[in-house]
Every structure is written in structure tokens, then in C-alpha cells.
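Structure, as C-alpha cells:
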2 protein chains.
Amino acid sequence: MMEQKQEMHEFINRGDEHFMAHISLDCVIFGFHANQLKVLLLKIRHDDRWALPGGFVLKEETMEEAADRVLNERTGLNDIFLRQFHVFSDIHRSNTEKFLELMRSEGIVVEENNWLTKRFISVGFYALVDYEKAIPAEGWDSEACEWFDLDNVGELILDHNKIIGAALETMRRQLNFLPIGYNLLPEKFTMPELQKLYETILGKTLDRRNFQRKMLAYGILDRLDERRKGGAHKAPYLYKFNLEQYQKALKEGLQGGW
Amino acid sequence: MMEQKQEMHEFINRGDEHFMAHISLDCVIFGFHANQLKVLLLKIRHDDRWALPGGFVLKEETMEEAADRVLNERTGLNDIFLRQFHVFSDIHRSNTEKFLELMRSEGIVVEENNWLTKRFISVGFYALVDYEKAIPAEGWDSEACEWFDLDNVGELILDHNKIIGAALETMRRQLNFLPIGYNLLPEKFTMPELQKLYETILGKTLDRRNFQRKMLAYGILDRLDERRKGGAHKAPYLYKFNLEQYQKALKEGLQGGW
DNA sequence: ATATCATTGTGTCAGAAAAACACATTGGTA
DNA sequence: TACCAATGTGTTTTTCTGACACAATGATAT
């Protein structure tokens, strides 16, 4: 505990020796589980609210590398689908008062003109991860790290609700270009699961039969000789992505919209 | 001339009192003229090369406001279609050596740790303007401001060629969502002109009759009882965008691709 | 004045893609 | 063992797309 406070003090008062001022990033980390789109959130200390995992940019790393680092710290995962989608730069998006209040309650002395009291512009990233493989981990600056149903995140700090909304909107548009399912689903999955994912992202229902036809027409799925048992009804086939065809589709984009 | 140097000195050595360090923006300003996509470029002092119009962000303005300001300074236009599309954050994208060399040749003393010698991250914007209405204007930091054919920009400074490429790529994708012609064409235009614009952006030819059918099906165009005379052949009708339908299309997006 | 001709306006038709819809199969559950 | 909800696999209908044909027009050349 003592060490943790030491680390925090170091970060707050000397962080600008390593990080660039004014620039931050926030990650909207999506997962899919039990037919629900999930977002990974952090519990802020001394605040009822939750927040997106975020961070700052080291002086010798790109935005993408920084986002990758943040993602790895929160999920333990590497080589993850990660895309920047928007820069958020409202003048009052930072809340310096709240920050100072937090520091007081932590008993940390913040020097005048501290870098964290400056205005910050944040680059929004969204990541798609396999819910089963991610291992949520809080850091020294947060009390908890958990998955939330996308439609049940409540009121987050700052403009984070807005950021999530923008991420979802971006993902919706890119659904036509990127085979997004590959990153959100486990290796093996059923057609109904894939469809539910698409329906959740798009926010509308799709015809079961037309969905399957179109999906298979892309040629990026291989059907296995295996079925998912255990459900209360007819056991559906399992599929997995054909990595070769998937890569090709990534370059050329998928045809037609939903 | 003396005043200009004064202004430059002020900007270079005290700019960080007004602007945020580490953050810049670059504008890819597109125009359309004589069946060609054009980009507005600035001639850099003491350098053979040209550059994208860019700037920095005042401490009390958003990225969008800053981009709008830059755009206005270079074209005299306001309320322009302007979208951010990517953050460029390569570590070596800035060229501090070149900057210091430039300053030496200008005879300007640059203090140690000057804000402009830091690493900068740039937010790329693209703008669509009416070529006829824009009035290119160089500023105190450049020798000229001119339109270039998109396929004839030559080698630009830093990563500006890359930025233009990304802007074009983004515009191509958004062509399916946004009625982009509205911003690039004058108020009244002919169907062949609109088609040429689309062909130029997409880099491929389209069937004249199919193009018209699909375009009219969007319902965002009004045909006028007027024709463009003066051409050597049959006079084509003039069209203009139906602003109401255009706004609706902006929200909902256009269907189908090209 | 008139014939010329590249360009524009309008329409058709076949094939592809999407939307709407029907029925047999299956694997737990009652 | 009958039941039933969910899955697998079609067909039909409608819409969209791509390819193509022909008449109309308006400046230009003769």
C-alpha cells in the first residue's frame, strides 16, 4: 500500500519526464459474451463512477504503441485488433477540480502547474477481444476492472459515455469492411452466435436464413464436423474463420451492407 | 518585412503561451476544377518543397475550431465541410534538425528547449471546398499558397504525402455514406460534372446512365429548368442539391456502394 | 442554311443480390 | 415417447446492378 502511494506520487509529480503533456488515450475494449456486447471498465478511486481504461503516451512511443500497452495492462492480451477512431478535444472535457480533489483525498501533494492539471486531448481507440481470453486487471490507479453490458454502463466520468457511443458507431460502419467477428468470438462458434453478435452491433434483428447465406458467401468461414451440444434444442454446427480467406477479405473489404 | 520577422520570432519563442505543445493539425483541403481533384499546398521558406496547411491548437479551442481557423486563414471560407480522419504519431515524423536549420537561415535565435523542438503529434483533417470560392492566401510562414493536381503534388515535407493518401482513402470510403459532391461543386452543376467528380475520387470510370439512375434515386438532387450552354454539344441540365434531403442523407447515410 | 457529330436524355433487358417466406430435422424436455 | 423450440436447407418474389441502344440537341464546319 505504501509502495502504491509512492508509485502514484512519482507518476503525478514526475510523469511529464516520461509522458507527453496534453495527450491521452482512451480504450473502448469490446468483448462478446452470453449474447451481449461487453465493455471493460475501471472503477475510479473515491468516485462512484467507472471509467474507460486509458493512459498517456511515452515520449518514445506512437499512439498505437501506447494503446497497445494500455490494452495489455488491462487484459493481459497482445496482438489485439485495435483502431483509433476519433480525437476528443472539448475544452472542458478534463476536470481539473475533480482531479485536485481526488489528490487531496489521497493525501498527495500536487505541485503548482502540475502536468496533469493541464488540458488533455484524448485519442479514442476501440479494441476487439475474445472475452474468454481477456483477464481483467485493475492497476494502481483503480479499484476494480470489470466487464459491463454495453447497455448498462451507467454514468461514466468525463466524456466517456460519448466516447463509447462514438466507438460503437464506428464499429457499425466498419462492419461492412472488416470481418469483425473474428476478433470478438472464440475460435469456434455457431452461426446463431455470429448472428447475435451482428444483431447486437447493428441494433436490429436479421433474418436467420439470409444472414447465413450471405455470411457463407463471403467464403471466410469453415464449417467443422462438430456441433455445440448442451443447448436445449437442435445442436448447431461449429464454425471457425478461414484465416487465409479472412486476410484477403480484410484487404478487399466485404461486399454489401447489412 | 521587419514586422513579419518580429511576428515569427514572437510565435517561435512565445507560442507555447497560447498554443498547446505536442499537438498540431494538418488540413488536406480538396477542391475540384476542370475535372481534376485539387489540393491546396503551401510553399515552405528556404525549402524546395511544399506542405499541407497546418497549425497548432490554441489553449481555449477544440481541434475542430483550430482546423476551422487554419482553413479560414488559407481560403477565406467559413462553415466548411471538415472532418478529422487520423492521428499521425510516428516518433520521427517531426524533423527538429530541419527546423533549427531553417531558423538559423532566418537568423532567428531559438531558445533551448523551445516548444517547437518537441515531438509533435498531428491530427489529420480533410476539407471539401468550392474551388471557385476559395481564395488561396499564404501566411507569414510561407511564400505561396496554390492548388495542385492531386496526382502531381511531388514530394512534400515530413509525412505529408502519407497524410494526403490517408485523406483520399478516407474520402473514398465515406463517399458511400456522405453526399460529398455538395461541398466540392458549385451550387449549380451538371450530371456529367458530378460523375467526373465521383470517377476522380474513386479512380475508375462509371457508366453514365447507371450513375444518373442511382444518383437520382437518392433523392438528394433537384433538376433545374436550366441548361449549361456554351459546351460544344447538347446542353446538359443543371442540378442542385436539395438541402433538406441532403441533411437527412448526412444523418442516415447513402445506401449501396460504387 | 444545313449537315455533322460528340455529347446528353431516356429506356430496356438479363443477371445478381436481397428480402420474404416454408418445411423438414434434431436434441433436450416434459 | 410425444413435444417443441431452435437449427439446416431450401424456394419464391422483389429489388438492384451492369451492360447496352437509340433518339435528341446544339455548337461547329461547310
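Numbers restart at 1 for each chain; the letters A, B, ... are given by sequence-line order, proteins then strands.
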Could you tell me the separation between the [atom1] atom of [X] and the [atom2] atom of [N], rounded to a whole number of Å?
| X | N | atom1 | atom2 | answer |
| --- | --- | --- | --- | --- |
| B:Leu216 | C:dT8 | CG | C1' | 13 Å |
| B:Phe211 | C:dT7 | CZ | C1' | 16 Å |
| B:Tyr218 | D:dC16 | OH | P | 11 Å |
| A:Arg228 | D:dA5 | CZ | P | 22 Å |
| B:Lys229 | C:dT8 | NZ | P | 15 Å |
| B:Asn35 | C:dT7 | CG | P | 12 Å |
| B:Gln212 | C:dT8 | CD | C1' | 9 Å |

- [ ] For residues 77-86 of chain A, pull every pair meeting salt bridge (charged side-chain N to carboxylate O under 4.0 Å, His left out), keeping only residues two or more places apart or in separate chains.
- [x] none
Open item on the list: With salt bridge (charged side-chain N to carboxylate O under 4.0 Å, His left out) as the rule and sequence neighbours excluded, what pairs involving residues 150-166 of chain A come up?
Closed with: A:Arg49-A:Glu155, A:Asp90-A:Lys162, A:Arg93-A:Asp159
Open item on the list: Within the 4.0 Å heavy-atom criterion, would you say B:Arg223 contacts the bases, only the backbone, or no part of the nucleic acid?
Closed with: sugar-phosphate
Task: Contacts of type ring-ring contact (aromatic ring centres under 6.0 Å, His included), residue A:Phe148, not counting sequence neighbours - done: A:Trp50
Open item on the list: Does anything in residues 28-41 of chain A form a side-chain hydrogen bond (donor to acceptor under 3.5 Å, both in side chains)? List the pairs, not counting sequence neighbours.
Closed with: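 For residues 28-41 of chain A, and leaving out neighbouring residues, the side-chain hydrogen bond (donor to acceptor under 3.5 Å, both in side chains) pairs sorted by first residue read A:Lys38-A:Asp149.
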Open item on the list: Please determine whether a side-chain nitrogen or oxygen atom of A:Lys214 lies at a distance below 4.0 Å from atom OP1 or OP2 of C:dA17.
Closed with: no
Open item on the list: Are B:Phe125 and B:Phe85 an aromatic pair, judged by ring center distance below 6.0 Å?
Closed with: no
Task: hbond_proxy A:His233 side chain to D:dA5 base (donor-acceptor, 3.5 Å cutoff) - done: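 Such a pair exists between side chain and base.
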Open item on the list: Please determine whether any donor N or O and acceptor N or O are separated by less than 3.5 Å between the side chain of A:Lys234 and the base of C:dT26.
Closed with: no
- [ ] Using atom types as modelled and distance alone, determine if a side-chain donor or acceptor of A:Asn161 lies under 3.5 Å from a backbone N or O of A:Leu156.
- [x]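 Confirmed, A:Asn161 side chain pairs with A:Leu156 backbone.
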- [ ] Please list, by residue number, the residues of residues 192-210 of chain A whose heavy atoms come closer than 4.0 Å to an atom of DNA chain D; answer none if no residue qualifies.
- [x]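 A:Pro192, A:Arg208, A:Arg209, in order of number.
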In a table with atom names and distances, give each donor-acceptor pair under 3.5 Å that connects a side chain of residues 126-139 of chain B to protein atoms at least two apart or in another chain.
| from | atom 1 | to | atom 2 | distance (Å) |
| --- | --- | --- | --- | --- |
| B:Tyr126 | OH | B:Gln174 | OE1 | 2.6 |
| B:Asp130 | OD1 | B:Glu132 | N | 3.0 |

Open item on the list: I want to confirm an ordering. Mapping A:Thr190 and B:Gly231 to their closest nucleotides on DNA chain D, which one lands closer to the 5' end?
Closed with: A:Thr190
Open item on the list: So if I take every side-chain heavy atom of A:Arg213 and compare against D:dG8, D:dT17, C:dA19, which nucleotide ends up nearest?
Closed with: C:dA19
